There are 2 protein chains.
Amino acid sequence: MTDSAAAPATRQAILSAAAELFAARGQAGTTIKQIGRRAGVNPALIYYYFADKAALYDAVLAELVGRFPVQLAEAALATDSPRDALAAVVHRQARVFAEEPLLPRLIVRELADHDGSRATPLLGEHARRLLASLTVLIRRGQDDGSFRTDVEPHHAAISCLAQINWYCISGPLMLMLMGDKPEGPHTLEIDRFAEHVVKFTLAALEAR
Amino acid sequence: MTDSAAAPATRQAILSAAAELFAARGQAGTTIKQIGRRAGVNPALIYYYFADKAALYDAVLAELVGRFPVQLAEAALATDSPRDALAAVVHRQARVFAEEPLLPRLIVRELADHDGSRATPLLGEHARRLLASLTVLIRRGQDDGSFRTDVEPHHAAISCLAQINWYCISGPLMLMLMGDKPEGPHTLEIDRFAEHVVKFTLAALEAR
DNA sequence: GTCTATAGCGGGATAGAC
DNA sequence: GTCTATCCCGCTATAGAC
C-alpha cells in the first residue's frame, strides 16, 4: 500500500531487527549500529531505506499495527449474541498479542512516551475503533436485557481490555511472583488467560 | 533508613527532577544536563550525590516505591469481610497512583525494559506482597462461600489489579478516544474508576 | 544497493578551583 | 557543596567510492 511493490529483504530485515530492539530497549536506548548488527546489514545502509531513526521507528509501528486489521472487531458486532461477540473480541485481542509479542511492549512505550494525549495517530485510531466496538456491544447487551445496566459501558470496555492488555505486559512476571506456572509456552498461556477474562467479564456484566 | 540523617534539599531537587524526566522520557532518553537544568542545579553536582546515571535511576525508584508501604494491603486481610478487604486494596492502589502519578509510568517502563523476569527487586517484592494479599483474600472468600469457586484466585487477582493499573497508564487516553470526559481533575477520575473496579470485580466474583 | 570513512555533535563523567 | 572547564567516547548522519 504505502510501500509500493515488494519490500526488499534487506528492508524487511532492518524492520524486524529494529522492532525487536525498540521493543526491548526503547527508541532512545537503541542505536543504529545495534540495529545494523542484528539485521546483518551495514549500519549506513539503514539510511538508504529510511530517512532517519525516527522515520524507521514510525515504519516499525506502522508495519506491526497495520498487520492486524481492527475490522474484525467490528465484524463481531454482526453477531447476534453480545456474549459471543465480547468473547470474540477478547480472544482476537489475545491472538494479536500472542502472534506479535513485540506489540504490547511497543504500545506501552508509546503510552509512556506521549502524554497520553498525543499518541501515534495510527495506534490511536486502532484503539479507538476497538474500544468503540466493545462499547457498542456492551450497550447493546444492556438494551436487550442480558447485561446489567448499572455499569458504565465505557468503563466496562476499559475493564475488559485492561485485563488482557495488562496481562500481556506483566502477566508472566506476576504469575512468577506468585510462584505459579514454572513456565508453559507463552502463546498457550495467553489464550488460557483470555478464556479467564471472558468468563470473568461476562460474570461481572451478567444481569441477575 | 538507607539514607541516614536528613537528605539535603539539593539532593531532593535532583531526585524530583530525575523522576519526572525518567517517567516522561525513560532513562536512556534523559540526559544528565536536562536533569540538572530542571532541578536548577549544576549538572556536575549530580555526581556529588550519585555515583552515575544508573545509581540516580535506582535511587529514584527506591524513593518512590518506598514511599508507599505495601503493609497496608496485608492489613486488609485482618478485615472480616473479603468484599470489604478487596475494596480496600483496590482503593489503596488507586490512591498510591493518584498521589504519585509518575509511578505508573516508571513501573511500566521497568516492565518493558526488563524481560518480565528480572525486574528491580524492590519493585518485584512490592508487587509480590500485593498480589499475595489479594490472592489470599480471594481464596478466603471462596472458602467462606461468598465468592464463586470456579475462578482461579491467581487469575482473578491479576484481573483485579490489571484494571486499575492499566487505567492509570492509558485510561485518560482511552476515555478521550471514546469522546468521554472533557477532562476532570485526574485524581478524582482515578477514584471514580476505582469505584467501578470494585463493583465490577465483586460482581464477577460473587457466588450465585 | 552496499560499503568505507569521517564529520560533527552531544552525551557521561572527572579534575580541580573556590 | 558548588562551579568551570574539559576529556573522551559513541552516536547520528553524510559523502562518496564501488
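Here the structure is a predicted model, which means the values were calculated and not measured. In what follows, chains are A, B, ... by sequence order, proteins preceding strands, each numbered from 1. Both backbone and side-chain heavy atoms feed into the values below; hydrogens, waters and symmetry mates do not.
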If I take atom [atom1] in residue [X] and atom [atom2] in nucleotide [N], what distance separates them, rounded to the nearest angstrom?
| X | N | atom1 | atom2 | answer |
| --- | --- | --- | --- | --- |
| Arg37(B) | dG12(C) | CZ | P | 12 Å |
| Ile46(B) | dG1(D) | CD1 | P | 16 Å |
| Arg11(B) | dT2(D) | CZ | C1' | 17 Å |
| Lys33(B) | dC3(D) | NZ | P | 15 Å |
| Asp52(A) | dC9(C) | CG | P | 17 Å |
| Ile14(B) | dT2(D) | CD1 | C1' | 11 Å |
| Leu56(A) | dC11(D) | CG | P | 16 Å |
| Tyr49(A) | dA13(D) | OH | P | 18 Å |

Any side-chain N or O of [X] under 4.0 Å from OP1/OP2 of [N]?
| X | N | answer |
| --- | --- | --- |
| Thr10(B) | dG1(D) | no |
| Tyr47(A) | dA15(D) | no |
| Tyr48(B) | dC3(D) | no |

Under 3.5 Å side-chain donor-acceptor pair for Asp113(B) and Gln27(B): no
Candidates [options] - which lies nearest the side chain of [X]:
| X | options | result |
| --- | --- | --- |
| Asn42(B) | dG12(C), dT4(D), dG1(D) | dT4(D) |
| Ala44(A) | dA5(C), dA15(C), dG12(C) | dA5(C) |
| Leu45(A) | dG1(D), dT2(C), dC11(D) | dT2(C) |

Minimum heavy-atom distance Leu130(A)-Val70(A), with the two atoms named: N-CG2, 3.9 Å
Nearest heavy atoms of Pro104(B) and Glu100(B), plus distance in Å: CD-O, 3.5 Å
Note, Arg11(B) side chain near Phe50(B) side chain (heavy atom, < 4.5 Å): yes
Residue Arg37(A) excluded, over 12 heavy atoms near CZ under 6.0 Å: no
Touch class at under 4.0 angstrom, heavy-atom based, for Lys53(A) against every strand present: sugar-phosphate
Sugar-phosphate, base or nothing in reach of Ile32(B), heavy atoms under 4.0 Å: sugar-phosphate
